[in-house]
K.L.:
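Below is one structure. I have some questions about it.
Ligands are counted one by one from 1 in listed order, and the atoms in each one are counted from 1 as well. The basis for the numbers below is simple: all heavy atoms, side chains too, and nothing from hydrogens, waters or symmetry mates.
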Amino acid sequence: MAKLGVNIDHVATLRQARREDDPDPILAAQIAEEAGADSIVAHLREDRRHIQDKDIRTLRKTVKTRLNLEMSLHKEIVEIAARIRPYQATLVPEKREEITTEGGLDVVRHFHKIKNAGDILKKKGIEVSLFIDPVKKQIDKTKEAGIHIIELHTGKYDRVKTKLAQAKELEKLKAMTKYAQSKGILVNAGHGLKYHNTKAIARIKGMEELNIGHSIIARAVFVGLKKAIEEMVEIVR
Ligand code: PXP
């Protein structure tokens, strides 16, 4: 049975729109856990557009499940993560001008930088995961870097326009999940997952956890956060 990690970034996006105190992402994390979330995901971006440093420090104390900190390889962010010590760090590529994370990390190209950041974080007892595209050589390099958790990027699976193209993306995700598992790597997935396209990903054999943010927070505007999460928990399980 797959697990659900709820990304609370967009609660903070709404708060930052007014630079006031509400809505509070810390309260969102509590509600998410009450509604059945298996972990809480938050991305401390270099530009601090939504989650702030203080949020991460507070979440570290208040999250009862697992705190999964999404983060870039930037030196300052790696130092913050090493200091705060979340349960898990998921390394993602980050560009200032992007609306949200675009591609997966290129572990082939940035091998040394990634291995170095991974080593620093692991030494602090933090589980390290890499957000990568479902591509064999990225998985091979992840293993070579001594990292045993990946999050497969489901953005393309979400974005393609035809049923045939989507089926092809799903097959790719299934094959790469199996390949990574054969190498002893634990496989999560996320990005762009919605109420209508999550079930097929949750059904992939051995899929550990799905990390979902935008679609849940968007639905929460209409049905409330607790209900939006409960509905997604049911789909994922
Ligand atoms: N996983 C990773 C690595 C991400 O960067 C994001 C977006 O912050 C998500 C999952 C959640 O994506 P979405 O908001 O599209 O559900």
K.L.:
Distance alone, cut at 3.5 Å: any donor-acceptor contact between the side chains of Ser39 and Glu209?
P.N.:
yes

K.L.:
Nearest to atom 9 (C) of ligand 1, what protein heavy atom do you find, and at what distance?
P.N.:
Glu70 OE2, 3.8 Å

K.L.:
Looking only at side-chain N and O atoms, does Asp133 offer a donor or acceptor that is under 3.5 Å from a partner on Gln138?
P.N.:
no

K.L.:
Which bit of Glu151 gets closer than 4.0 Å to ligand 1, counting heavy atoms only: side chain, backbone, both or neither?
P.N.:
side chain

K.L.:
Need the ligand 1 atom indices (1-based, order shown) with element for anything under 4.0 Å from a heavy-atom of Asn7.
P.N.:
8 (O)

K.L.:
State the atoms of ligand 1, each with its element, that fall below the 4.0 Å cut-off from a heavy-atom position in Phe131.
P.N.:
3 (C)

K.L.:
Distance to 0.1 Å, residue and atom name: give those for the protein heavy atom nearest to atom 14 (O) of ligand 1.
P.N.:
His214 N, 2.9 Å

K.L.:
Would you call Lys163 and Glu169 a salt bridge, using N to O less than 4.0 angstrom?
P.N.:
no

K.L.:
Between Arg15 and Glu20, does any NZ, NE, NH1 or NH2 come within less than 4.0 Å of an OD or OE carboxylate oxygen?
P.N.:
no

K.L.:
Which residue and atom name correspond to the protein heavy atom nearest atom 7 (C) of ligand 1, and how close is it?
P.N.:
His191 CD2, 3.7 Å

K.L.:
Using the salt bridge (Lys or Arg N to Asp or Glu O under 4.0 Å) rule, pick out the option among Lys194, Lys199, Arg219 that qualifies with Glu231.
P.N.:
Arg219

K.L.:
For ligand 1, which atoms, with element, lie under 4.0 Å from some heavy atom of Val92?
P.N.:
3 (C)

K.L.:
Between Lys143 and Lys183 (side chain of the first, backbone of the second, donor and acceptor by atom type, cut-off under 3.5 Å), is there such a pair?
P.N.:
yes

K.L.:
Pick one: which of Asp119, Asp106, Val107, Ile132 meets side chain to side chain contact (heavy atoms under 4.5 Å, CB included) with Ile114?
P.N.:
Val107

K.L.:
Looking only at protein heavy atoms, which one is nearest to atom 16 (O) of ligand 1, and what is the separation?
P.N.:
Gly213 N, 2.8 Å

K.L.:
Touching ligand 1 at all, Gly192? Heavy atoms, strictly under 4.0 Å?
P.N.:
yes

